[in-house]
Amino acid sequence: MRKLCLALFVAAHFLPQLLAEKIRPEILRITALQAMQAYQGKWVGRQEVFLPNGKRLMYFETVQNYYWATVNNEEVLLGSGYFDADGERVNIESQMRNRFEFIELSVKDSSGKTYIYKGYVWLSTVVWVPEHLIFLLDITRDSFVSNAKYMEIFSENVKDVNMRSYKGYMIVKSILRKSLDIDSPKGAAPKKGGFTFKRSSKLMSE
């Protein structure tokens with residue numbers, strides 16, 4: 001019953017915002033490959049963790065890099081990044097693969113455990129859901145916005161947590177920014193035919 005209630009909360013939390021985007025004429029419809037091309041590059045930003053009542057628990061600085069590589073004769077968007085939590089650096093690695101109807105994402109955390117997600121593109125937003133629906137309550141929405149100089153990802157994750165000190169869900173909000181002058185991190189070959197979202201946004205404060 002608890003998981004059902006949380007699932008209904010997630011639907012109520014995300015669907016109205018996605019439907020609101022649908023009726024805005026300046027939002028572009030893109031493919032899974034175009035969304036992957038938008039992720040390419042170096043992103044710098046912050047993450048904040050909230051309780052359902054809005055209380056902020058934690059604040060992280062984060063850096064993420066995405067670049068193209070060939071893995072087993074397949075073009076894959078590799079990701080590497082970290083966030084600093086209480087003075088400790090936590091590293092994360094990922095791989096994105098184009099499955100045409102969706103993006104397949106595998107994420108390896110600092111303990112070496114791998115999680116698989118499917119990313120479904122909705123206009124200028126990618127919604128990530130776990131491959132196995134038993135872990136349904138770990139849903140992330142990445143929304144892309146840009147101007148002439150920067151592209152940003154506004155990300156929101158709703159996740160079920162089961163710890164001794166807390167049982168329920170938490171909300172993780174992130175703002176990541178990359179310069180449009182740099183299409184890939186140093187040492188990585190840029191991908192031809194990259195895609196840029198043509199939508200203005202209010203930039204993150206300096």
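For Tyr117, there are no ring-ring contact (aromatic ring centres under 6.0 Å, His included) partners, not counting sequence neighbours. With sequence neighbours excluded, no residue forms a ring-ring contact (aromatic ring centres under 6.0 Å, His included) with Tyr82.
A distance-only check finds a donor-acceptor pair linking the side chain of Thr31 to the backbone of Gln34 [under 3.5 Å]. The closest donor-acceptor contact from the side chain of Lys118 to the backbone of Val127 lies at 3.5 Å or more, if one exists at all.
Here the closest non-hydrogen pair linking Val76 and Met96 is CG1-O, 3.3 Å. For the residue pair Val121 and Ala32, the shortest heavy atom distance occurs at CG2-CA, 3.9 Å. Closest approach of Ser106 to Thr114, counting heavy atoms only: CB-CG2, 4.1 Å. Heavy atoms only, all atoms of each residue included: Leu105 and Ser94 are closest at CD1-CB, 3.8 Å. Considering all non-hydrogen atoms of both residues, Ser174 and Gln47 come closest at OG-CG, 3.0 Å. When every heavy atom of Val126 is checked against every heavy atom of Gly119, the shortest pair comes out as CG1-CA, 3.9 Å.
Of the inter-residue distances, the one linking Arg99 atom CZ with Leu33 atom CG reads 13.0 Å to the nearest 0.5 angstrom. To the nearest 0.5 Å, the span separating CD on Gln64 from NZ on Lys178 amounts to 12.0 Å. In this structure, CG on Leu180 lies 11.0 Å from NZ on Lys149, to the nearest 0.5 angstrom. Rounding to the nearest 0.5 angstrom, the gap separating the CG atom in Asp160 from the CD1 atom in Ile139 is 11.0 Å. Atom CG of Asn65 is separated from atom OH of Tyr39 by 15.0 Å, given to the nearest 0.5 angstrom. Annotation: the span from Asn157 atom CG to Thr140 atom OG1 amounts to 3.5 Å, rounded to 0.5 Å.
Donor-acceptor pairing under 3.5 Å is lacking for the side chains of Trp68 and Glu75. Between Thr125 and Ser143, the side chains place a donor N or O and an acceptor N or O closer than 3.5 Å (distance only, hydrogens not considered). Under the 3.5 Å distance criterion, with hydrogens and angles disregarded, no donor-acceptor pair is assigned to the side chains of Tyr150 and Glu152. For the 3.5 Å distance criterion, the side chains of Asp142 and Trp128 qualify, holding a donor opposite an acceptor.
Using a 4.0 Å cut-off between charged side-chain N and carboxylate O, Glu156 and Arg141 make a salt bridge.
Heavy-atom neighbours of Asn72 CG from other residues, nucleotides or ligands within 6.0 Å: at or below the threshold of 12. The neighbour count for Glu74 CD, taken as heavy atoms of other residues, nucleotides or ligands under 6.0 Å away, is above 12.
Between Tyr120 and Phe102, the angle of the ring planes lies from 30° to 60°, which puts this pair in the tilted group. A tilted orientation is assigned to the rings of Phe60 and Phe83, their planes being inclined by 30° to 60°.
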- [ ] I would like to know whether Tyr59 and Arg46 meet side chain to side chain contact (heavy atoms under 4.5 Å, CB included); could you show each step before the answer?
- [x] CA-CA 7 Å; Tyr59 172 93; Arg46 63 177 184 261; 3.7 Å; yes
Task: Verdict with reasoning, Leu57 to Leu51, per side chain to side chain contact (heavy atoms under 4.5 Å, CB included) - done: CA-CA 7 Å; Leu57 294 181; Leu51 291 177; 3.7 Å; yes
Task: Audit row: Ser80, Asn91, side chain to side chain contact (heavy atoms under 4.5 Å, CB included) steps and yes/no - done: CA-CA 8 Å; Ser80 63; Asn91 296 301; over 6 Å; no
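By the 6.0 Å and 45° rule, Lys173 stacks over the aromatic ring of Phe50.
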